[in-house]
Amino acid sequence: MNNYQQSQPDFIIIGAQKSGTTSLYQYLIQHPQIVPASQKEVHFFDLNFAKGVDWYQQQFKALSQDFITGEASPYYIFHPLVAQRIYKLYPQVKLIALLRNPVERAISHYYHEVRLGFEKLGLEDAIAQESARLKGETAKMLADENYYSYNHQHYTYLSRGIYVEQLKHWMQFFPKEQFLVLPSEELYNQPNIVLNQVLEFLELPSYQLTQYDKYNSGEYPEVSPEIRQQLQAYFQPYNRELEEFLGEKFVW
């Protein structure tokens with residue numbers, strides 16, 4: 001009998017996309033008691049679920065009790081089937097969500113899709129077309145767990161920023177205490193402080209970062225004040241609802 005536990009995640013960074021998940025994960029795996037998964041974004045619960053739980057657990061090394069492991073797949077928070085899938089397999093896992101100002105997140109997401117060659121529309125048109133592109137997609141995903149929605153993954157600039165709806169959905173499965181919800185801006189401005197908040201949540205000793213690289217930051221061109229105002233007006237009521245739901249202020 002040895003002290004090794006089965007290979008499975010102790011924590012999962014569930015999102016949001018373009019909100020600093022790569023930076024946080026890279027900071028965490030500098031800690032001497034955190035062992036990385038085979039890759040940061042395993043995408044098991046959203047894109048690779050058909051590969052089965054054995055495949056997923058092979059992404060993690062077998063560890064002694066002194067070590068923990070985890071992954072970060074930022075589509076998880078938004079995908080309609082992921083919360084339930086994780087709950088069925090790992091009901092005790094600790095969940096970390098980074099939430100970025102949804103205006104900045106939407107713009108960064110748009111330019112990310114442009115860079116990858118997935119988005120051909122201008123920013124204003126892409127935002128205007130979102131509801132038409134998404135029409136019926138979530139329902140199809142819920143009706144057939146093998147259905148893959150390209151539009152849901154790529155063209156969700158506004159929808160992914162409605163954090164309150166996503167967290168309410170997740171908290172139907174997991175208790176609030178299993179979540180650590182952090183503003184991305186704090187991670188960008190005070191990486192060491194935020195890292196140690198996360199380590200405390202994971203019940204690990206504090207750690208001082210030796211490198212503060214900002215990973216995958218994805219700079220983008222300045223957008224027109226009109227589009228920015230339009231986005232701010234769109235997200236404002238959702239941001240207020242989020243603050244009420246979490247009992248936490250966000251400086252957005």
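Worth saying up front: this structure is predicted, and the values here are computed from it rather than measured. Sequence positions, counted from 1, serve as the residue numbers for this chain.
At least one side-chain heavy atom of Phe78 sits under 4.5 Å from a side-chain heavy atom of Ser159. At a threshold of 4.5 Å between non-hydrogen side-chain atoms, the residues Asp10 and Leu202 do not count as touching. Using a 4.5 Å heavy-atom cutoff, the side chains of Tyr111 and Leu116 are not in contact. Between Leu180 and Leu95 the shortest side-chain heavy-atom distance does not fall below 4.5 Å. Side-chain contact between Pro91 and Gln178 is absent, with no heavy atoms from C-beta onward closer than 4.5 Å. Counting only heavy atoms from C-beta outward, the side chains of Ile34 and Thr69 never approach each other to under 4.5 Å. Using a 4.5 Å heavy-atom cutoff, the side chains of His31 and Leu195 are not in contact. The shortest distance between side-chain heavy atoms of Arg240 and Gln236 falls below 4.5 Å.
Using bins of under 30°, 30° to 60° and over 60° for the plane-to-plane angle, the ring pair His154/Tyr150 lands in the tilted bin. Between His79 and His152, the angle of the ring planes goes over 60°, which puts this pair in the perpendicular group of the 30/60° scheme. Using bins of under 30°, 30° to 60° and over 60° for the plane-to-plane angle, the ring pair Tyr56/Phe60 lands in the perpendicular bin. Using cut-offs of 30° and 60° for the angle between ring planes, the Tyr25 and Phe11 rings count as tilted.
In summary, the aromatic rings of Phe173 and His169 are positioned with their centroids under 6.0 Å apart. A distance below 6.0 Å separates the ring centres of Phe44 and Phe49.
Hydrophobic cluster membership differs between Ile127 and Leu134, with clusters built from Ile, Leu, Val, Met, Phe, Trp and Tyr side chains linked at under 4.5 angstrom. Under a hydrophobic clustering in which Ile, Leu, Val, Met, Phe, Trp and Tyr are joined whenever their side-chain heavy atoms come within less than 4.5 Å, directly or via other members, Leu231 and Leu121 fall into different clusters. Both Ile29 and Ile96 are part of a single hydrophobic cluster, where members link through side-chain heavy atoms under 4.5 Å apart. When the side chains of ILVMFWY residues are joined at heavy-atom separations under 4.5 Å, either directly or via intervening members, Ile86 and Leu142 end up in two distinct hydrophobic clusters.
Between the side chains of Glu41 and His43, at least one donor N or O sits under 3.5 Å from an acceptor N or O. Of the N and O atoms on the side chains of Lys40 and Thr22, at least one donor lies less than 3.5 Å from an acceptor on the other residue. Checked by atom type, the side-chain pair Gln17/Ser19 shows no donor-acceptor distance below 3.5 Å. Glu200 and Ser206 form no side-chain donor-acceptor contact under 3.5 Å, judged by distance and modelled atom types alone. With no hydrogens or angles considered, a side-chain donor-acceptor pair links Tyr157 and Glu119 at under 3.5 Å.
Between the CZ atom of Phe250 and the CG atom of Leu182 there is a distance of 8.5 Å, given to the nearest 0.5 Å. Asn239 contributes atom CG, which lies 10.0 Å from atom CD of Gln232 (distance to the nearest 0.5 angstrom). For the atom pair Glu165 CD and Leu242 CG, the distance stands at 11.0 Å (nearest 0.5 Å).
The residues Lys135 and Glu130 are annotated as not salt-bridged, no charged nitrogen and carboxylate oxygen being separated by less than 4.0 angstrom. Taking a cutoff of 4.0 Å between a charged side-chain nitrogen and a carboxylate oxygen, Lys140 and Glu137 qualify as a salt bridge. Salt bridge present: Glu241 and Lys168 bring a charged side-chain N and a carboxylate O closer than 4.0 Å. The pair Glu186-Arg100 fails the salt-bridge criterion, with no side-chain N (NZ, NE, NH1 or NH2) lying under 4.0 Å from an Asp/Glu carboxylate O.
Formation of a donor-acceptor pair under 3.5 Å by the Asn151 side chain with backbone atoms of Arg133 is found in this model. Using a distance-only test at 3.5 Å, with no hydrogens or angles considered, no donor-acceptor pair links the side chain of Glu185 to the main chain of Trp252. Although no hydrogens or angles enter the test, the distance criterion places no donor-acceptor pair under 3.5 Å between the side chain of Glu145 and the main chain of Leu81. Remark: side-chain polar atoms of Gln166 are paired, donor with acceptor, to backbone N or O of Arg160 under 3.5 angstrom. Ser224 contributes a side-chain N or O that, together with a main-chain N or O of Ile227, makes up a donor-acceptor pair within less than 3.5 Å. A donor-acceptor pair under 3.5 Å links the side-chain atoms of Tyr207 to the main chain of Gln30, judged by distance alone. When atom types are taken as modelled, the side chain of Asn48 and the backbone of Val42 share a donor-acceptor pair closer than 3.5 angstrom. Side-chain atoms of Asn196 come within 3.5 Å of backbone N or O of Asn192 as a donor-acceptor pair. Side-chain N or O atoms of Tyr147 include none that pairs as donor or acceptor with a backbone N or O of Met141 at under 3.5 Å.
Nearest approach of Gly20 to Tyr188, heavy atoms of both residues: N-OH, 3.5 Å. Shortest non-hydrogen contact noted between Phe235 and Leu158 is CE2-O, 3.3 Å. Taking all atoms of both residues into account, the shortest heavy-atom contact from Arg105 to Ala16 is CD-CB, 4.4 Å. The nearest pair of heavy atoms linking Pro205 to Leu199 is O-CD1, 3.7 Å. Minimum interatomic distance between Pro9 and Gly70 (heavy atoms only, all atoms of both residues): CB-CA, 4.2 Å. Between Ile77 and Gly15, the closest heavy-atom pair is CG2-CA, 4.0 Å.
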As a quick check of understanding, evaluate side chain to side chain contact (heavy atoms under 4.5 Å, CB included) for Leu99 and Leu167, giving each step before the final call. CA-CA 11 Å; Leu99 306 183; Leu167 288 173; 4.1 Å; yes
Lys120 vs Glu113, test: salt bridge (charged side-chain N to carboxylate O under 4.0 Å, His left out). Steps then yes/no. CA-CA 9 Å; Lys120 307 297 184 199; Glu113 299 296 341; over 6 Å; no
Show the numbers, then the answer: is there a side chain to side chain contact (heavy atoms under 4.5 Å, CB included) between Asp46 and Gln153? CA-CA 10 Å; Asp46 48 19; Gln153 186 180 1; over 6 Å; no
Steps toward side chain to side chain contact (heavy atoms under 4.5 Å, CB included) verdict (Phe245, Met171): CA-CA 11 Å; Phe245 179 62; Met171 288 178 191; 3.6 Å; yes
In sequence, state the C-alpha distance, the side-chain angles, and the governing distance for Tyr87 and Phe174, and then conclude on ring-ring contact (aromatic ring centres under 6.0 Å, His included). CA-CA 7 Å; Tyr87 182 71; Phe174 294 92; 5.3 Å; yes
Using the side chain to side chain contact (heavy atoms under 4.5 Å, CB included) rule, take Tyr155 and Gln129 through it: C-alpha gap first, then chi angles, then the decisive distance, then the call. CA-CA 9 Å; Tyr155 301 141; Gln129 288 294 317; over 6 Å; no
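A 6.0 Å sphere centred on CD of Glu124 holds no more than 12 heavy atoms belonging to other residues, nucleotides or ligands. Within 6.0 Å of CD on Glu203 lie no more than 12 heavy atoms contributed by other residues, nucleotides or ligands.
For the pair Arg85 and Phe45, the NZ or CZ position fails the cation-pi test of under 6.0 Å to the six-membered ring centre and within 45 degrees of the ring normal. Judged by a 6.0 Å distance limit and a 45° cone about the ring axis, Lys94 is not positioned over the six-membered ring of Phe179.
With Tyr75 as reference, Leu47 is the one residue of Val82, Ile14, Leu47 to meet the side-chain contact (heavy atoms from CB on, under 4.5 Å) rule. The residue from Glu71, Gln58, Gln59 that alone fulfils the side-chain hydrogen bond (donor to acceptor under 3.5 Å, both in side chains) condition with Ser38 is Gln59.
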